[in-house]
Amino acid sequence: MSQPVRRERARDPNEAIELEGPAAFEQGHKVRALKDVRNDGTYPGRPIGDFLIREGDVGYVISIGTYLQMYYIYAVDFYEKRVVVGMRAKELEIVDARCNDPQ
């Protein structure tokens, strides 16, 4: 059985380079997914096409990295799903930026 062909989209030349500004989120921010995320084959132990998270799932930013020297990638721990997924800022919305501040 052959694997499905994955088609890469060309980068939009009008898209801004995110790394020229500050990151949209910080470690510890509580965020919500704005879209479903399926395994594209890069998540170990789960079938390709399996839903990793669903739109509306809530998690916490645990680290911030970069991709292609253009974008911030946020490692988000979706603790209820027991999965950590790398996402872009446009795929997330903030729920609570101060959830881990001392009371």
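Everything numeric in this text was worked out from a predicted model, so none of it was measured.
Results of the side chain to side chain contact (heavy atoms under 4.5 Å, CB included) test with M87 over V37, L34, I73 single out V37 as the only residue that passes. Of the residues listed (I62, V83, V85), the one engaging D77 in a side chain to side chain contact (heavy atoms under 4.5 Å, CB included) is I62, and it is the only one.
Between D57 and K81, the shortest heavy-atom contact is OD2-CE, 3.0 Å. The shortest non-hydrogen separation linking E55 to D36 is N-OD1, 2.7 Å. The minimum heavy-atom distance linking I94 with H29 is given by the pair CD1-ND1, 3.3 Å.
Hydrophobic clustering, with ILVMFWY side chains joined whenever heavy atoms are under 4.5 angstrom apart, keeps V84 apart from V58. If you chain together hydrophobic residues whose side chains sit under 4.5 Å apart, Y74 and M70 fall into the same group. Hydrophobic clustering of Ile, Leu, Val, Met, Phe, Trp and Tyr side chains at less than 4.5 Å, counting indirect connections, unites L92 with Y43.
Formation of a donor-acceptor pair under 3.5 Å by the Y60 side chain with backbone atoms of Y79 is not found in this model. Remark: the backbone N or O of F51 is paired with a side-chain donor or acceptor of R46 at under 3.5 angstrom.
By the 30° and 60° cut-offs, the orientation of the rings of Y67 relative to Y71 is parallel.
In this structure, the separation between CD on E91 and CZ on R32 is 15.5 Å, given to the nearest 0.5 Å. Atom NZ of K35 sits about 9.0 Å away from atom CD1 of I53, to the nearest 0.5 Å.
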